[in-house]
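All values derive from a computational prediction rather than experimental measurement.
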Amino acid sequence: MRYEPVVAPKGRAKPPVNKIMTAKEAVSRFIKEDTYLGMSVSAAPAALIWEIVRQRDRIKTLDMTITSQIGMSSVLIGSGLVRKLEMAYNWGGIEGEDKVFRRAVEKGIPRPLEVEEYSNFGAAVRWQAASMGVPFMPVKSMLGSEIPKYNPKIKIIDDPYTNEPVALVPASYPDVAIMHCSRADEIGNVQCIGLYGNTDTLARAAKHVIVSVEEIVPQAEIRRLPNLTTIPYYYVDAIVHAPFGAHWRESSFYYHHDLAYGLDAYRQFATQEGYEAWLDKYVLGTKDWDDYCKLVGYDRLNRLMLSEHKYQKFGEVR
Amino acid sequence: MRYEPVVAPKGRAKPPVNKIMTAKEAVSRFIKEDTYLGMSVSAAPAALIWEIVRQRDRIKTLDMTITSQIGMSSVLIGSGLVRKLEMAYNWGGIEGEDKVFRRAVEKGIPRPLEVEEYSNFGAAVRWQAASMGVPFMPVKSMLGSEIPKYNPKIKIIDDPYTNEPVALVPASYPDVAIMHCSRADEIGNVQCIGLYGNTDTLARAAKHVIVSVEEIVPQAEIRRLPNLTTIPYYYVDAIVHAPFGAHWRESSFYYHHDLAYGLDAYRQFATQEGYEAWLDKYVLGTKDWDDYCKLVGYDRLNRLMLSEHKYQKFGEVR
Amino acid sequence: MSNYAEKYSLPELMAATVAREIQDGELAFIGVGMPLIAATVAKFTNAPNFNMMVEYGAVGPSPRRLPMCVNCAVNNERAYYAGTQREVMGAQQAGFVDVACISGAQIDKFGNLNSSLIGNDYFHPKVRLAGSGGANDLASSAKRTIIMMRQDGRNFVEKLDYLTSPGYLTGPGAREKAGLPGSGPVAVVTTMGVYRFDNETREMFLEKIHPGVDLEKVKAAVKWELAVSPNLTETEPPTEEQVMIMRTLDPLAVYLGNGRATLSGDFDTFMKMFEDSYQPMLDLIKSKGMV
Amino acid sequence: MSNYAEKYSLPELMAATVAREIQDGELAFIGVGMPLIAATVAKFTNAPNFNMMVEYGAVGPSPRRLPMCVNCAVNNERAYYAGTQREVMGAQQAGFVDVACISGAQIDKFGNLNSSLIGNDYFHPKVRLAGSGGANDLASSAKRTIIMMRQDGRNFVEKLDYLTSPGYLTGPGAREKAGLPGSGPVAVVTTMGVYRFDNETREMFLEKIHPGVDLEKVKAAVKWELAVSPNLTETEPPTEEQVMIMRTLDPLAVYLGNGRATLSGDFDTFMKMFEDSYQPMLDLIKSKGMV
């Protein structure tokens with residue numbers, strides 16, 4: 001015995017330090033070439049997506065993991081950044097057919113896109129497995145369908161307890177997760193108000209987490225309502241203050257989905273030229289999110305907010 | 001083909017009807033002989049436990065599933081109702097050594113108690129598996145220990161993705177779950193404020209759910225704060241209004257743990273005679289929870305509430 | 001009371017038909033679009049105590065405006081619960097959901113659906129579609145599903161290009177053998193009629209035909225030998241009240257017509273639709289004694 | 001600054017020793033009792049940016065009174081997060097917890113712990129104990145664990161009656177082979193001294209001995225051939241500030257003395273302890289510039 005004591009490695013917890021930075025800083029620091037990127041859908045992290053596209057010459061290539069995306073992922077796909085998409089659904093929702101996605105898969109324009117498919121729940125529990133540090137999760141979805149036939153990562157086993165078939169999906173640990181949430185304090189305690197899909201478990205699964213928020217609040221406000229904390233600080237690397245940061249999509253209790261804008265954008269996305277004209281104007285043509293908001297118009301954004309607040313404002317009766 | 005259309009069975013959802021009833025009604029209706037009973041620890045469902053003991057001549061025998069219990073389960077064990085205990089921990093916590101538990105396991109007094117052991121997390125994810133309708137959950141706890149050696153329900157397999165060992169625990173579907181929570185509306189939407197352990201997942205795992213609450217609130221109050229809903233109505237069978245319903249234990253944001261009472265009760269539990277004297281006075285000697293509260297003294301309970309509110313009141317800065 | 005509407009659109013007929021499939025007190029997993037209109041009609045007519053689950057984490061909303069997507073903010077307006085997708089998906093997998101509405105681009109005689117791609121090579125599809133989304137989860141675990149589809153003459157096929165969401169798979173016993181918790185589809189409501197599944201063979205048969213639709217046209221639009229109920233009847237039209245509710249919720253026919261086309265780029269019309277929805281919806285809710 | 005206290009109790013020495021094991025910025029999984037006192041001392045002295053997780057669902061509380069149990073309401077007082085046990089247990093299993101404090105009734109030379117039963121027949125124990133609770137989870141998944149134990153002369157054993165919580169199991173490589181995510185114990189703080197684990201053999205050795213404790217007595221209290229560090233030193237005493245903090249948080253020595261005995265049945269004394277805790281704790285918090 002050398003009497004040299006065991007020294008343990010540190011845990012993965014991010015320290016409780018000030019994490020407020022710009023989207024530009026956060027994307028530059030954490031998103032690299034070949035990053036495996038996870039993205040939330042409720043709310044859509046538009047401000048962060050726009051910044052990623054602005055830095056596409058440096059980033060070059062991303063592999064992505066989503067459950068479902070409604071429109072926003074196509075901004076990344078059309079930009080030529082996405083090589084692979086692990087997904088359950090990628091389409092326009094009410095905005096309709098996603099021509100950007102179709103062009104990439106069918107014609108390899110602007111680059112070929114590999115697709116790895118799951119059901120929504122199947123995709124979500126992959127993040128849940130990672131959030132718990134277990135290698136897989138069992139699920140009863142996808143059995144009998146052709147989804148496992150084209151996705152060897154899905155293993156169908158006989159449950160050792162009941163001998164009935166059950167599907168296993170492997171844990172997904174994104175290198176970086178981007179998400180848009182309601183509010184956070186400066187050390188990264190995040191509170192999501194309204195529905196938030198799988199944003200909570202995505203944050204727990206990823207190695208690095210960038211959160212854009214509508215509001216930054218004091219720690220005392222978080223401590224006042226600890227049951228509302230959706231993502232504790234130790235998961236979070238960066239807090240980006242981006243009011244209206246989900247536009248053209250909605251942000252529950254803050255503003256409504258701008259369907260008129262979304263439909264018009266999708267009309268332009270029908271051709272790659274149309275998509276690029278939109279991108280040049282709204283993304284590459286703006287230096288940051290505030291600049292984009294000015295271009296869209298704060299009067300317009302404010303009207304979306306007032307309309308939402310006419311119907312719901314958190315903690316109030318409307 | 002007979003042209004007789006397929007008719008599907010109904011789902012497990014409990015309808016949104018008025019579910020308010022007394023503890024006596026709820027226990028009479030749902031808890032039978034040989035019921036497999038799940039119980040929350042945060043908060044302890046004392047008002048419901050007391051009522052179960054009052055009906056012990058009818059109920060006779062219970063098998064129980066808990067994660068950890070701090071004191072309260074011994075009220076059931078000492079009463080002679082419990083045949084089997086699936087558990088991670090059963091002791092007095094700060095009240096100290098649990099002589100009731102020791103007597104049952106070591107000497108079979110008042111009846112032999114079979115113990116099936118897990119770690120806390122291992123026990124909790126059994127309910128989580130049931131809540132998701134999957135037959136098991138993988139967990140990294142209990143590996144290398146002797147817990148699986150004496151519990152064949154824990155299966156250690158090689159993970160098909162990494163080939164590393166992982167433990168599987170089977171889903172636990174209690175016949176009935178009892179729990180004490182903060183507030184609920186009349187159809188059974190339940191909101192837990194403060195820490196609540198595994199109360200949420202226990203409610204989702206059980207076939208029938210009885211919830212005692214500090215306060216009954218209007219549906220409009222639930223709708224005002226939908227993110228605080230811990231247990232949606234479709235899991236719940238009965239809502240029992242039981243203010244101070246966790247005494248001698250605490251109810252977060254409502255009142256503090258009555259340690260002076262707990263220590264004194266544990267002193268009496270040191271002998272079976274002492275336990276029975278306590279039971280005769282405080283449980284069998286009171287006809288319902290209000291009667292118990294009167295015996296303990298509403299002045300005492302009120303002081304526990306004021307002390308808690310001096311330090312924390314939900315949604316307020318203290 | 002069946003005070004039928006004199007004038008109604010085909011989408012309104014379909015929505016009314018689906019509304020009648022929902023029973024009081026049930027818990028339903030509803031996507032937006034036509035199923036949402038149908039669910040709202042049911043809530044205000046035949047099923048006041050039924051509640052809706054929405055995929056991205058809402059239960060029992062009572063909105064006063066039209067939701068736009070499954071993750072739309074409107075879905076948690078005055079909801080009983082707002083939070084995660086795993087809450088509603090987990091509850092469904094555990095057997096708590098009575099009924100779910102789904103759709104697809106192709107369907108076969110066992111009610112299996114394809115919403116992933118058109119073409120016979122998965123890796124080089126002729127047309128790439130959205131993918132499963134939640135459809136596979138709903139088809140796998142909801143106690144019963146109701147399928148809503150456009151019938152374009154080509155999409156009721158002998159063999160799917162890809163099986164995204166399970167119906168009865170290859171027939172009787174196949175779902176059980178696969179380990180699926182839910183019991184499968186009970187109805188297919190299309191632009192032409194209403195189909196059921198035979199309890200013995202699990203095959204689709206035509207139960208109702210929409211007013212003015214020719215049976216031969218229906219048969220021609222189905223690529224297998226379609227079984228037709230000996231008691232084939234005409235689909236019950238929507239009532240005046242059902243139509244009134246639909247037009248109150250969706251005044252610009254965003255889901256029930258070509259409202260989307262007119263709204264593209266027209267922010268003022270779009271916003272006005274929302275801003276003006278509060279009072280008529282509130283009146284409707286109050287007229288039903290709801291909160 | 002090391003302005004040592006002149007008078008302190010053995011529990012105060014142990015708590016101060018554990019406090020020094022916690023580093024600034026860390027996330028720690030803390031049970032109540034002595035570990036909680038140690039964690040509070042660390043927070044107010046050497047580790048202001050460390051935060052505590054409490055088993056039943058609280059993170060980063062800033063209480064102004066003494067918690068009573070792992071599910072005590074005090075644990076979510078002014079916390080960053082309050083909710084489920086699975087949040088903190090899941091985070092720990094996923095590798096987010098730097099350090100956890102555990103205990104047991106028996107320990108062996110590899111730091112394996114028994115908190116389940118005494119006796120050689122699992123089904124007929126001589127003495128039944130509490131069971132694992134969270135101890136096995138912490139020992140399995142926390143990046144490192146610190147063990148706090150009373151040394152009664154009989155509980156440092158050659159062979160455990162039952163292995164509840166894994167230390168290094170049978171020695172080097174055994175944890176990895178078993179599939180355990182955490183890396184195991186780094187210190188054992190007892191009523192007699194402080195032990196470490198040798199990096200090569202994973203065996204416990206005595207590193208520090210408490211003031212006034214005789215080495216032969218320590219060896220006699222360990223049932224295996226105890227390895228003693230060639231650089232054996234005396235345990236550093238608590239500072240005046242450390243002791244002041246402990247006595248402010250636990251004025252009746254509920255955890256650091258026989259406070260429990262005096263409180264049994266004495267409601268007024270118990271309540272007064274709580275009611276009077278607010279101001280001194282607030283002053284302490286403010287004196288450290290904390291909120």
Side-chain angles (χ1 to χ4, degrees), chain A residues 1-19 125 127-135 137 171-173 184-192 200-201 203-207 209 217-236, chain D residues 23-28 49-51 53 57-62 76-83 86-99 111 141-145 168 181-187 195-203 205 207 227-232 291:
Chain A
M1 187 183 295
R2 298 216 187 91
Y3 299 98
E4 287 168 2
V6 169
V7 178
K10 286 281 185 181
R12 296 169 59 194
K14 318 293 166 49
V17 298
N18 188 323
K19 294 166 184 170
V125 295
W127 292 338
Q128 189 177 4
S131 77
M132 295 170 65
V134 290
M137 284 284 283
S172 165
Y173 291 89
D185 65 19
E186 75 283 2
I187 66 170
N189 290 301
V190 178
Q191 299 186 326
C192 295
D200 58 326
T201 197
R204 286 156 173 76
K207 293 167 190 152
V209 175
V217 297
Q219 276 192 39
E221 174 62 11
I222 299 291
R223 291 188 186 278
R224 186 176 71 85
L225 296 162
N227 285 95
L228 286 181
T229 301
T230 318
I231 309 168
Y233 76 89
Y234 44 86
Y235 293 112
V236 177
Chain D
Q23 291 157 35
D24 200 21
E26 289 194 321
L27 186 61
N49 298 304
F50 118 88
N51 281 300
M53 277 182 156
V59 175
S62 179
N76 55 247
E77 184 181 326
R78 301 168 61 252
Y80 288 138
Y81 165 87
R86 296 181 317 291
E87 162 58 30
V88 293
M89 282 288 186
Q92 175 174 256
Q93 192 170 256
F96 284 87
V97 173
D98 296 298
V99 55
S141 295
K143 284 297 170 184
R144 72 181 193 274
T145 57
Y168 294 106
S183 62
V186 296
Y195 304 79
R196 299 279 174 193
F197 292 87
D198 180 67
N199 195 37
E200 191 179 29
T201 64
R202 305 280 151 158
E203 267 190 50
F205 67 87
E207 181 200 43
V228 178
S229 169
N231 327 311
L232 181 69
V291 287

Student: Relative to chain A, which of Gly90(D), Gly25(D), Ala79(D), Ala227(D) shows the most heavy atom pairs under 4.5 Å?
Tutor: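 The option with the most such pairs is Ala79(D).
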Student: With a 4.5 angstrom heavy-atom cut-off, could you sort out which part of Ile187(A) is near chain D: side chain, backbone, both or neither?
Tutor: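 Only the side chain of Ile187(A) comes within 4.5 Å of chain D.
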Student: Checking Arg196(D) against chain A: side chain, backbone, both or neither under 4.5 Å from a heavy atom?
Tutor: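 Answer is side chain: those atoms of Arg196(D) sit under 4.5 Å from chain A.
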Student: In terms of heavy-atom proximity below 4.5 Å to chain A, should Val99(D) be classed as side chain, backbone, both, or neither?
Tutor: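 Neither the backbone nor the side chain of Val99(D) comes within 4.5 Å of chain A.
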Student: Between Ala205(A) and chain D, which part of the residue has a heavy atom less than 4.5 Å away: side chain, backbone, both or neither?
Tutor: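 For Ala205(A), no heavy atom lies under 4.5 Å from chain D.
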Student: So which heavy atom on Pro9(A) is nearest to which on Ser183(D), and how close?
Tutor: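 Shortest heavy-atom contact: CD-OG, 3.6 Å.
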Student: If you round to the nearest 0.5 Å, how far is OH of Tyr81(D) from CG of Asn227(A)?
Tutor: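 Output value for this atom pair is 8.0 Å.
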Student: Do Arg204(A) and Glu87(D) have side-chain heavy atoms sitting under 4.5 Å apart?
Tutor: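 Arg204(A) reaches Glu87(D) side chain to side chain.
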Student: Can you tell me which of Arg144(D), Glu26(D), Arg78(D) forms the most heavy-atom pairs within a distance under 4.5 Å of chain A?
Tutor: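 Among the listed options, the one with the most contacts to chain A is Arg78(D).
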Student: Taking all non-hydrogen atoms of both residues, which atom of Arg12(A) and which atom of Ala94(D) are closest, and how far apart?
Tutor: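 Answer, listing the atom of Arg12(A) first, then Ala94(D): NH1-O, 2.8 Å.
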Student: By side-chain contact (heavy atoms from CB on, under 4.5 Å), which residues pair with Val88(D), not counting sequence neighbours?
Tutor: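 side-chain contact (heavy atoms from CB on, under 4.5 Å) check on Val88(D) returns Phe29(D), Met53(D), Val59(D).
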Student: Excluding sequence neighbours, so at least two apart, what forms ring-ring contact (aromatic ring centres under 6.0 Å, His included) with Tyr195(D)?
Tutor: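 Applying ring-ring contact (aromatic ring centres under 6.0 Å, His included) to Tyr195(D) gives Phe156(D).
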Student: What closest approach, in Å, do Met1(A) and Glu203(D) show between heavy atoms, and which atom pair accounts for it?
Tutor: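 That closest heavy-atom pairing would be CE-CB, 3.6 Å.
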Student: Parallel, tilted or perpendicular for Phe96(D) and Tyr234(A), by the 30°/60° rule?
Tutor: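 Geometry flag for Tyr234(A) against Phe96(D): tilted rings.
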Student: Please look at Asn189(A) and chain D and tell me whether the side chain, the backbone, both or neither of the residue comes under 4.5 angstrom of a heavy atom of that chain.
Tutor: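 Side chain of Asn189(A) only, per the 4.5 Å heavy-atom cut-off to chain D.
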Student: In the structure I gave you, are the side-chain heavy atoms of Glu207(D) and Tyr3(A) within less than 4.5 Å of one another anywhere?
Tutor: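 Glu207(D) vs Tyr3(A): side chains apart.
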Student: Can you name the nearest heavy-atom pair linking Tyr80(D) to Thr229(A), along with the distance?
Tutor: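 Smallest heavy-atom distance, with atoms named: O-OG1, 2.6 Å.
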Student: Between Ala91(D) and chain A, with a heavy-atom cut-off of 4.5 Å, which part of the residue counts as in contact: side chain, backbone, both or neither?
Tutor: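 Interface part for Ala91(D): both.
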Student: List the atom of Glu4(A), the atom of Asp198(D), and the distance in Å for their closest heavy-atom pair.
Tutor: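 Smallest interatomic distance, heavy atoms only, reads N-OD1, 3.2 Å.
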Student: Which atoms of Tyr233(A) come close to chain D, meaning under 4.5 Å heavy atom to heavy atom: side chain ones, backbone ones, both, or neither?
Tutor: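 Tyr233(A) touches chain D through side-chain heavy atoms alone.
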Student: Could you tell me whether the side chain of Arg202(D) and the main chain of Val6(A) form a donor-acceptor pair under 3.5 Å?
Tutor: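 No, because the side chain of Arg202(D) does not come within donor-acceptor range (under 3.5 Å) of the backbone of Val6(A).
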Student: Is there a donor-acceptor pair closer than 3.5 Å between any side-chain N or O of Asp98(D) and the backbone N or O of Lys10(A)?
Tutor: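 Such a contact is absent between Asp98(D) side chain and Lys10(A) backbone.
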Student: Please classify the contact between Thr201(D) and chain A as side chain, backbone, both or neither, with a heavy-atom cut-off of under 4.5 Å.
Tutor: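 The answer is the side chain of Thr201(D).
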Student: Which atoms of Gln219(A) are under 4.5 Å from chain D, going by heavy atoms: the side chain, the backbone, both sets, or neither?
Tutor: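 It is the side chain, since no backbone atom gets that close.
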Student: Would you confirm whether Asn199(D), through its side chain, and Pro5(A), through its main-chain N or O, come within 3.5 Å as a donor-acceptor pair?
Tutor: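 Absent.
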Student: Identify the two heavy atoms, one from Ser62(D) and one from Arg223(A), that lie closest to each other, and give their separation to 0.1 Å.
Tutor: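 What the structure gives for the nearest pair is CB-NH1, 3.7 Å.
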Student: What part of Phe50(D) gets within 4.5 angstrom of chain A, counting heavy atoms only: side chain, backbone, both, or neither?
Tutor: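 Interface part for Phe50(D): neither.
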